[in-house]
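Below is one structure, written out as structure tokens; comments come after it.
Since the structure is predicted, the reported quantities are computational estimates derived from the model, not experimental observations.
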Amino acid sequence: MSSFLGKLTIDAVPYHEPIIMVTLAAVAVIGVIILGLITKHKKWSTLWHDWLTSVDHKRLGIMYILLAFVMLIRGFSDAIMMRTQQALATNGAAGYLPPEHYDQIFTAHGVIMIIFMAMPFMIGLMNLVLPLQIGARDVAFPFLNNLSFWLTVSGAVLINISLGVGEFARTGWVAYPPLSELSYSPGVGVDYYIWALQISGIGTTLTGVNFLVTVLKMRSPGMKLMQMPIFTWTCTWANILIVASFPILTAVLALLTLDRYMDFHFFTNAGGGNAMMYINLFWAWGHPEVYILILPAFGIFSEVISTFTSKRLFGYKSMVWASGAISILGFIVWLHHFFTMGSSANVNAFFGVMTMVIAVPTGVKLFNWLFTIYRGRLRLTVPVLWTLGFMVTFTIGGMTGVLLAVPGADYVLHNSLFLIAHFHNTIIGGAVFGYLAGFAYWFPKATGFHLNERLGKAAFWCWQVGFYVAFMPLYVLGFLGMTRRLNQTDNPDWNFWIYFAAVGACIILVGIVLQFIQLYVSIRDREQNRDLTGDPWNGHTLEWSTASPPQFYNFAKLPTVSDIDAFTHAKEQGTAYRIPEQYQPIHMPKNSWHGVMMALGITAAGFAAIWHILWLAIAGFVGAFVVFLIRAYDRDVDYYVQVDEIERVENSHLTNVSKGLI
């Protein structure tokens with residue numbers, strides 16, 4: 001019979017690891033300071049009523065982005081630790097990290113950066129902008145949006161708890177069997193991995209469904225599908241991929257859970273299972289996931305180039321169809337992740353050719369951006385710098401991807417640092433650069449004031465230079481034969497490139513620090529940098545027709561759309577700020593505490609499942625289900641914004657517009 005706390009004992013706290021204990025102490029001190037400041041300024045009520053329980057897509061978008069920045073700190077800390085270990089552990093030296101700790105770090109780094117940094121950043125920008133771009137009041141299911149966010153937070157909380165209670169997986173972020181099976185990973189690390197991904201993955205699936213329904217059913221009057229802004233289109237393709245692929249992740253993690261908890265043998269060869277089936281299913285989700293991350297970034301770059309050249313986007317329809325082609329092709333190339341498994345020549349040839357073909361619609365996008373810039377007056381703002389940096393960097397990553405699409409070449413390079421360089425080339429130089437461009441682009445819309453331009457440019461250059469210094473050496477190391485996941489080396493030919501790459505990671509760190517300084521300085525100087533008009537960049541799309549930050553109901557009267565660039569069309573027609581003859585009451589959803597409490601119960605249940613604490617698992621799931629039932633029978637979920645309040649908010653906005661235009 002298990003104890004009251006299952007497998008959890010005081011030995012689960014790694015008090016013998018000074019690095020972890022110092023980190024936990026620092027986090028605790030920062031947490032106490034934040035709680036103290038909230039209490040001192042009496043912000044608990046505001047925090048609860050206006051933020052934590054909010055169903056407003058704009059506030060949820062901001063919270064997603066805050067979560068992404070928090071997890072960026074955690075994930076990049078792992079990266080710095082890995083690079084430092086590799087630099088210290090040359091010529092056979094041991095370095096400062098034990099092998100089991102190093103293995104946890106590189107596993108956590110991959111999971112955090114992809115699932116808990118990049119995904120929340122992307123979904124945050126989508127939340128912030130997409131409903132405004134299509135002229136909607138909110139998303140189709142506002143409460144579901146809130147719940148999706150808190151499920152993502154739940155997964156992030158579990159992965160951070162693993163730092164101080166127990167351990168994280170030592171399997172790499174893909175958690176291949178048999179290494180992730182109970183016989184090879186008897187600790188709780190893989191269980192933390194399973195439950196963190198499972199809970200957050202369900203939240204992401206709900207987000208995909210929510211935004212697809214929003215786009216299909218809640219577009220502004222007159223807006224046809226082929227009149228949607230390009231960012232909305234790329235997000236829609238990404239949401240199609242989410243809805244199609246994330247259930248595969250849910251299923252494969254459920255099968256691995258049954259293997260570990262109930263002695264099933266889906267992936268154990270000795271028990272009649274097949275470990276390769278896990279890899280098949282994982283990458284059937286994992287490769288579409290790469291395009292889920294990159295497609296919205298493509299949309300951001302399109303919006304930025306179009307806005308800052310003051311031109312319509314070149315080849316709008318070809319951009320939409322190219323995005324669709326990338327989505328479809330991205331779903332049928334997953335086997336290139338394991339060309340080394342020994343498939344037939346025909347199978348390898350098919351997946352290799354399909355992988356190369358993806359370069360065609362991607363090239364279409366690149367040339368469309370170049371043709372949009374051609375003969376335009378490109379303003380070199382921070383979002384534009386991120387875009388230009390992406391165009392060069394991502395092109396390099398794309399070319400190395402075409403090389404890896406050749407099965408014979410991949411067979412040699414797959415387990416080397418060449419592949420790591422390629423992956424970071426596309427995800428950092430593509431997705432992350434895109435999110436940071438979108439962050440700078442829509443920041444004044446979300447907050448009502450501009451970011452500091454000088455610090456933003458300094459941060460960009462540190463990221464850009466740091467990226468090349470950190471990752472180009474990995475291509476060289478790959479050709480020199482250095483394999484992935486090494487925590488120490490003894491080949492003197494590799495040393496220079498390892499040290500060089502470590503310097504690059506430090507330069508990127510400076511860039512990240514500069515971005516946080518930029519945020520601090522921008523908030524401090526916000527009164528001097530107010531965006532009064534709501535249209536600081538002379539934008540094309542409907543989000544720029546609202547106030548900054550937007551009215552809580554988005555639009556006093558839903559706009560009627562007859563052009564791709566709806567706001568530019570309205571400005572050209574002289575109808576951009578026209579006051580309607582009469583306002584009508586606006587139907588809006590009420591904030592809800594149910595999402596927070598459901599996620600709290602699910603987090604407790606996930607933690608209990610990890611440590612085999614049966615009573616807590618039951619209590620957590622039952623508690624979450626009871627809150628779900630309370631929400632299901634709650635009829636007080638909406639209200640009407642009255643005409644007098646709408647008039648007050650709109651008059652204030654129009655007054656600010658007139659001030660800003662003077």
Using 0.5 Å steps for rounding, measure from the [atom1] atom of [X] to the [atom2] atom of [Y].
X	Y	atom1	atom2	value
Ile498	Leu88	CD1	CG	11.0 Å
Gln464	Ile508	CD	CD1	10.0 Å
Leu451	Leu519	CG	CG	6.0 Å
Asn591	Trp48	CG	CH2	10.5 Å
Ile294	Met122	CD1	CE	11.0 Å

Test applied, side chain to side chain contact (heavy atoms under 4.5 Å, CB included); reference residue, Ser162; option that passes from Tyr193, Phe168, Phe607
Phe168
When the ring planes of Tyr261 and His612 are compared, do they come out parallel, tilted or perpendicular, using 30° and 60° as the limits?
parallel
Please state whether the rings of Trp442 and Phe231 are parallel, tilted or perpendicular, taking 30° and 60° as the class boundaries.
tilted
Stepwise ring-ring contact (aromatic ring centres under 6.0 Å, His included) check, Phe439 with Phe443
CA-CA 6 Å; Phe439 178 74; Phe443 187 89; 5.5 Å; yes
How close do [X] and [Y] get, counting heavy atoms only, and between which atoms?
X	Y	result
Leu206	Ser148	CB-OG, 3.4 Å
Leu474	Ala501	CD2-CB, 4.2 Å
Ser154	Thr603	OG-OG1, 2.6 Å
Ser200	Ile115	OG-CG2, 3.7 Å
Ile80	Cys506	CD1-N, 4.3 Å
Ser548	Pro444	CB-O, 3.3 Å

Taking the side chain as every heavy atom from C-beta outward, state whether [X] and [Y] have any atom pair closer than 4.5 Å.
X	Y	result
Ser592	Asn146	no
His422	Thr426	yes
Thr152	Met119	no
Leu514	Trp463	no
Leu8	Val165	yes
Leu163	Arg74	yes
Tyr192	Ile161	yes
Lys58	Pro549	no

Any side-chain donor near an acceptor of the partner, Tyr468 and Thr393, under 3.5 Å:
yes
State which residue, out of Phe69, Phe121, Trp386, fulfils the ring pair (Phe, Tyr, Trp, His ring centres under 6.0 Å) condition with Tyr435.
Phe121
ring-ring contact (aromatic ring centres under 6.0 Å, His included) evaluation trace for Trp537 with His450:
CA-CA 11 Å; Trp537 312 124; His450 287 269; 5.3 Å; yes
Cation-aromatic face contact Arg83/Phe471, 6.0 Å, 45 degrees:
yes
Show your reasoning for whether ring-ring contact (aromatic ring centres under 6.0 Å, His included) applies to Phe301 and Phe433.
CA-CA 9 Å; Phe301 296 129; Phe433 277 24; 8.3 Å; no
Working note: Val432 + Met117, criterion side-chain contact (heavy atoms from CB on, under 4.5 Å); need CA distance, chi angles, decisive distance, verdict.
CA-CA 9 Å; Val432 176; Met117 195 289 282; 4.0 Å; yes
For Tyr102 and Arg170, what are the C-alpha separation, side-chain angles and deciding distance, and is it a side-chain contact (heavy atoms from CB on, under 4.5 Å)?
CA-CA 8 Å; Tyr102 181 83; Arg170 291 177 278 183; over 6 Å; no
Is there any side chain to side chain donor-acceptor pair (under 3.5 Å) pair reaching into residues 17-40, and which pairs are they, with sequence neighbours excluded?
Thr39-Trp44
Report the C-alpha separation of Asp525 and Asn452 in whole Å, then their side-chain angles, then the decisive distance to 0.1 Å, and conclude whether the side chain to side chain donor-acceptor pair (under 3.5 Å) test is met.
CA-CA 9 Å; Asp525 300 339; Asn452 183 289; 5.2 Å; no
